[in-house]
Protein chains: 2
Amino acid sequence: MAVTIRDVARASGVHISTVSRTFSAPHLVNPETRSRVLATAEQLGYRPNRAARALITGRTHNIGLIVADIANPFFPPLIKAAETHARRRDYHVFVADTDEDPIVEAELVQALAKQVDGILLCSPRMSDDQIELLRREVPLVVINRLITGLPAVVMDVGQGAREAVLHLLGLGHRHLVYLAGPRGSWTNREIRRAAGATARAAGAELTVLGPNQPVEETGAAAAEAVLGTGATAVFAYNDLMAIGLLQSLQDRGVDVPGQVSVVGIDDIAYSVLVRPRLTTVANPTAAAGRTAVDMLLQHGDDGPAGQVTLRTDLIIRNSTGPGPYAPAVALNAEVAAHVKE
Amino acid sequence: MAVTIRDVARASGVHISTVSRTFSAPHLVNPETRSRVLATAEQLGYRPNRAARALITGRTHNIGLIVADIANPFFPPLIKAAETHARRRDYHVFVADTDEDPIVEAELVQALAKQVDGILLCSPRMSDDQIELLRREVPLVVINRLITGLPAVVMDVGQGAREAVLHLLGLGHRHLVYLAGPRGSWTNREIRRAAGATARAAGAELTVLGPNQPVEETGAAAAEAVLGTGATAVFAYNDLMAIGLLQSLQDRGVDVPGQVSVVGIDDIAYSVLVRPRLTTVANPTAAAGRTAVDMLLQHGDDGPAGQVTLRTDLIIRNSTGPGPYAPAVALNAEVAAHVKE
DNA sequence: TAATCTGTTGCAAACGTTTGCCGACAGGAG
DNA sequence: CTCCTGTCGGCAAACGTTTGCAACAGATTA
């Protein structure tokens with residue numbers, strides 16, 4: 001049924017090896033022969049069978065991309081960028097969704113292992129040991145998690161959190177809430193640590209609420225709790241939660257940013273569609289996807305690549321405003337220096 | 001390096017064919033032998049090589065999923081549902097993004113053809129002829145498009161559009177705008193036709209603005225044009241455009257739904273996060289994804305499956321309100337009957 | 001007792017490629 | 001005319017499976 005290398009060989013009067021070489025090592029075949037083969041191949045509609053090729057070369061030209069939740073708007077831009085970038089390098093991408101379940105995550109890596117040249121693990125929820133084990137079966141690049149010895153690309157949420165907290169302090173807020181993300185998330189720990197350190201250094205109070213599933217519902221549900229703390233500013237694990245909170249506060253008649261300031265993380269497309277527009281820490285997700293693909297693909301040549309950190313940017317929009325205290329302007333530099341060490 | 005069927009055979013003292021059968025036809029091997037083989041396989045960490053299996057069986061246990069734009073929030077729920085459903089049936093999914101480009105679309109189908117058992121084509125932008133050609137290379141199931149003889153699952157946007165227009169007419173609007181979607185979209189044509197017919201039957205006016213790229217920017221950019229028409233209600237190709245328009249109108253001080261009513265299509269997650277909450281036609285995208293996978297996988301057994309139409313639902317929220325005319329309540333039934341034929 | 005059947009296993013070919021090796025041939029140098 | 005060198009293309013093995021066929025043993029039937 002399908003046209004194979006053999007059909008092309010027969011039709012153009014050469015041996016199959018010549019056809020093979022025409023495609024995989026063109027310089028080894030006489031230009032004249034080559035063009036003849038190419039012509040008949042084109043005419044017959046021949047396309048190399050990648051599975052067969054993979055069998056002998058050991059390279060599938062496929063990669064796997066495993067994310068916690070495809071429907072979480074944080075991921076699609078990353079998936080899109082990774083896929084486009086991979087395709088440009090003639091790789092196809094398996095995308096899989098773990099539903100935030102570490103067990104499924106591990107199963108997926110194993111199932112995909114034989115079929116890909118490597119796997120991109122986005123914000124994995126597995127334990128370090130687990131990942132350590134899996135990397136022996138298949139090359140891995142991790143996104144948004146740092147594990148010694150493992151190639152990784154992380155977005156520097158710590159820095160982003162620091163900036164965001166400084167922004168809030170600078171506006172005169174002294175009591176903040178961190179609306180935490182899911183258990184097992186490296187990002188969550190980073191944010192919490194950085195935000196905590198920054199607040200502490202400035203003598204401000206930081207209340208942590210969580211852990212929470214990273215969806216808008218939990219953000220909305222947290223409104224009461226947030227108001228209960230008496231804090232005047234909230235920093236959320238992601239934009240989804242921030243937006244949920246934002247709307248929930250407004251629905252209760254709380255003015256944002258008049259009474260409470262809200263900051264998110266990620267800068268998903270919707271953070272600008274909501275009113276007030278959300279102040280947030282922009283994550284370079286597309287760049288992360290591309291970088292991770294690059295690291296995975298060069299993995300074979302030299303040893304495992306290193307760890308790349310991408311900077312994040314605080315984007316100040318309309319969901320943050322002056323707090324009840326004097327703007328701690330002078331404080332900023334001091335605190336920044338303090339925290340940076 | 002990787003452990004093969006041969007290693008297992010050697011370690012358990014049987015022939016490779018027995019090992020093979022242990023996995024692919026267990027009933028053909030002695031229970032005792034089977035458990036012994038299974039044990040050593042487990043111990044050695046053997047996993048069948050799908051590429052090799054595919055080579056001989058002709059079934060890859062992979063499917064392709066091609067969408068116009070992964071980052072368009074319409075698609076992720078569909079991708080997620082399809083992937084999860086496919087995986088439950090032991091299939092892996094290649095996801096690819098065409099960036100709304102019909103050329104890329106065709107290339108992708110060809111590139112993926114040899115590597116999958118079938119491809120899901122979501123809202124393709126190619127011509128019917130093009131698709132007709134490609135279906136000879138690989139089994140295809142199309143989503144959101146109707147092509148005679150080709151298995152398809154469509155969401156009945158025509159019905160949704162009808163309902164939405166009737167809703168608007170019932171509220172007392174007599175001049176509507178349809179903010180059109182992209183050229184080449186079957187869905188766009190369906191909506192336009194259904195909305196046009198319904199409006200005409202009721203003696204109302206429908207102005208079409210477009211075609212447009214289906215993103216929020218074009219919705220926002222259309223605000224001036226919409227106001228220029230003097231219409232009091234707008235029906236948009238999708239929620240993204242509706243939301244863009246919504247915010248843009250509000251930014252100009254136009255009250256929604258006081259002065260202008262806005263209706264979207266899709267019911268993406270954000271339509272409920274925006275204020276006012278968006279009235280929209282809910283599309284069963286997850287169900288569509290699952291159904292399409294089912295159709296693709298049973299494709300082999302009997303002939304090409306038929307065409308499935310999924311119903312859509314108008315969800316009335318807060319972006320639509322009374323228009324300047326008397327509510328055309330009595331009209332509704334009459335018009336509905338008229339339009340239904 | 002011979003013939004037949006059933007259940008279990010081994011053998012080997014096949015799937016569509018790639019690739020190391022070798023021979024054929026041409027042209028240049030001696 | 002011989003030898004050498006280099007280019008081109010054929011041969012065949014290999015990749016990890018599946019599967020039709022045959023072999024064999026033991027059980028069943030006539």
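Since we're looking at a predicted model, the values are computed, not measured. The chains referred to below are lettered A, B, ... by the order of the sequence lines, with proteins before strands, and numbering in each begins at 1.
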- Item | Nearest-Å distance for atom pair CZ/P, residues A:R21 and D:dC8 | 11 Å

- Query: Hey, is B:R36 close enough to B:E32 for a salt bridge, meaning N to O under 4.0 Å?
  - Reply: no

Which part of the nucleic acid does [X] contact within heavy-atom distance under 4.0 Å: base, sugar-phosphate only, or nothing?
{"X": "A:S17", "result": "base"}
{"X": "A:R50", "result": "nothing"}
{"X": "A:T57", "result": "sugar-phosphate"}

- Query: Pick the nucleotide of DNA chain D nearest each of B:T18 and B:L55; which residue has the one closer to the 5' end?
  - Reply: B:L55

- Does the pair B:D117 and B:T60 meet the rule for a side-chain hydrogen bond (donor to acceptor under 3.5 Å, both in side chains), with working shown? CA-CA 6 Å; B:D117 294 341; B:T60 62; 2.9 Å; yes

What distance do [X] atom [atom1] and [Y] atom [atom2] have between them, rounded to the nearest 0.5 Å?
{"X": "A:L38", "Y": "A:S12", "atom1": "CG", "atom2": "OG", "value": "10.0 Å"}
{"X": "A:H27", "Y": "A:R34", "atom1": "NE2", "atom2": "CZ", "value": "9.5 Å"}
{"X": "A:T98", "Y": "A:D69", "atom1": "OG1", "atom2": "CG", "value": "8.0 Å"}

- Indicate the ring-plane relationship of A:H92 and B:F94, choosing parallel, tilted or perpendicular according to the 30° and 60° boundaries. perpendicular

- Message: Going by the rule side chain to side chain contact (heavy atoms under 4.5 Å, CB included), which residues pair with A:I16 if we only count those two or more places apart in sequence or in a different chain?
- Response: A:I5, A:R6, A:A9

- Is atom CD1 of A:I103 surrounded by more than 12 heavy atoms (other residues, nucleotides or ligands) closer than 6.0 Å? no

- In residues 22-36 of chain A, which ones come under 4.0 Å of DNA chain D, going by heavy atoms? A:V29, A:N30, A:T33

- How would you give the extent of chain A contacts on DNA chain C, as first and last nucleotide 5' to 3' within a 4.0 Å heavy-atom cut-off? C:dG16 to C:dG20

